[in-house]
Amino acid sequence: MSRDFQHPVGLLGATGMVGQQFALYLEGHPWFRLAWLGASERSAGLHYAHAARWVQDRPMPAGVAGLPVRPAAPDAECPRLVFSAMDASVAGGIERAFARAGHFVLSNSRNHRLDPDVPLVIPEVNPEHIALVGHQRRERGWPGAIVTNPNCSTITLALALAPLRPFGIRRVMVTTLQAVSGAGYPGVPAMDMLGNAIPFIDGEEDKIAAETCKVMGTMREWGEPVEPAAVTVSAHCNRVATVDGHLVCASVELEARPSPAEVREAMAGFRGHPQELAFPTAPQRPVRVTEGVDRPQPRRDAMAGRGMAVTVGRVRECPVLGVKFVALGHNTIRGAAGASVLNAELLRTGGWLEGDFVSGAADPAPAHVD
Ligand code: NAP
């Protein structure tokens, strides 16, 4: 597809840790072109190159460096599709204002994830939940919509658990080791972080439990609110002194009591839904299983599938719950920017954007329902 056919897109929270990852991730995307940036009053009026304190390994894309940063309010220039990576203390109200003004907002913030009429989507796991968009627009009477992706640790956990659904997931105990980039910039004070592991991340444990159950939940009626999965999830979350990548150590109780070899086989064979394989940024193997590796290489493994695959290793018997494993995901790519872009690809492929961008909104027919 040539650049002429790319949808221009906006980005709220463009200057932050996740915003910067969006700028990198969207560079060269075949369907979307970053054309509008928003952030706080601190940054508004500056060019992106001056507003963003760039902390990425790769240089700032030339195409965005000269873009002006605008206040985080809908304006005539703002494209219909807007990614959002704003601080949660302000994201809720701003995202609603954009949806009310007719924008599709793809949010990384926690504010609306658990609203019954807001889709919380991982395309390989629950693509059918995107149909909640129609319900939301009718309920709220707004021409736009809010679509969310789970938080970074939940995405890693849910992708590792998704292949195990046929075995019947009952209970999950999970301990996370989460990188400092997960706390945004400047994040955790160096005096707290150096030589330390902090056994507390505000709100994270509850998010992992509730979001995992919503993502794994069932949409009994097409486009209607989701019934959360009856899975008990208990989480311990820790901040550790790594830059990127969240490691998730999970023990899982499965009704069918499969052997570790059967679990490994199910994970390695998992592809998500067939439709998603056609998405430009979907990894061919969303879950990558390493065999016999007892010395993980976080920097390499977190970047599997351009940072969009989750790497699982050490699948073994758990004397308490049955099976246990570790899973590693890139928190600002698979856990944030890449997750939102994949959701935008799902919206476009499902006809939601076509309806809105070209010929007025109509609910597209379901592409597939489980
Ligand atoms: P961050 O580095 O602190 O960036 C926050 C962004 O919000 C900045 O662009 C900031 O703009 C903007 N902002 C702050 N106040 C604002 C206001 N009043 N109006 C408009 N914009 C405002 O945080 P982050 O790590 O990128 O996280 C962004 C969101 O994604 C959070 O909700 C976070 O929970 C979520 N998330 C983060 C991760 C991760 O791994 N980091 C993963 C998943 C989800 P200025 O620079 O102008 O202040």
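Numbering of ligands and ligand atoms starts at 1, following listing order. Being a predicted model, the structure only gives us computed values, none of them experimental. Heavy-atom basis, side chains included; hydrogens, waters and symmetry copies ignored.
With sequence neighbours excluded, the residues that form a side chain to side chain contact (heavy atoms under 4.5 Å, CB included) with R70 are W36, P68, D75, E77. With sequence neighbours left out, the side chain to side chain contact (heavy atoms under 4.5 Å, CB included) criterion links V226 to H129, L132, M219.
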**Report entry** Residue pair R264, E317: steps toward the salt bridge (Lys or Arg N to Asp or Glu O under 4.0 Å) verdict
**Finding:** CA-CA 11 Å; R264 218 177 283 123; E317 232 170 78; over 6 Å; no
Please report, to 0.1 Å, the donor-acceptor pairs under 3.5 Å made by any side chain of residues 191-202, with sequence neighbours excluded.
unit_1	atom_1	unit_2	atom_2	d
N196	ND2	D192	O	2.9

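A 6.0 Å sphere centred on CD of Q56 holds more than 12 heavy atoms belonging to other residues, nucleotides or ligands.
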For ligand 1, list all ligand N or O to protein N or O distances below 3.5 Å, rounded to 0.1 Å.
unit_1	atom_1	unit_2	atom_2	d
ligand 1	2 (O)	M17	N	2.9
ligand 1	2 (O)	Y185	N	3.1
ligand 1	7 (O)	D87	N	3.2
ligand 1	9 (O)	G13	O	3.2
ligand 1	9 (O)	T15	N	3.4
ligand 1	9 (O)	T15	OG1	2.6
ligand 1	9 (O)	G16	N	3.1
ligand 1	11 (O)	T15	OG1	3.1
ligand 1	21 (N)	S40	N	3.4
ligand 1	25 (O)	G184	N	3.4
ligand 1	26 (O)	M17	N	3.1
ligand 1	26 (O)	V18	N	2.7
ligand 1	32 (O)	M86	O	2.8
ligand 1	32 (O)	S109	OG	3.0
ligand 1	40 (O)	N331	ND2	3.0
ligand 1	41 (N)	S181	O	2.9
ligand 1	46 (O)	T15	OG1	2.6
ligand 1	46 (O)	R42	NH2	2.6
ligand 1	47 (O)	S40	N	3.1
ligand 1	47 (O)	S40	OG	2.6
ligand 1	47 (O)	S43	OG	2.4
ligand 1	48 (O)	S40	OG	3.2
ligand 1	48 (O)	R42	NE	3.4

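Ring-plane geometry between F32 and H29 is classed as parallel, the angle between the planes falling under 30 degrees on a 0 to 90 degree scale with a further cut at 60.
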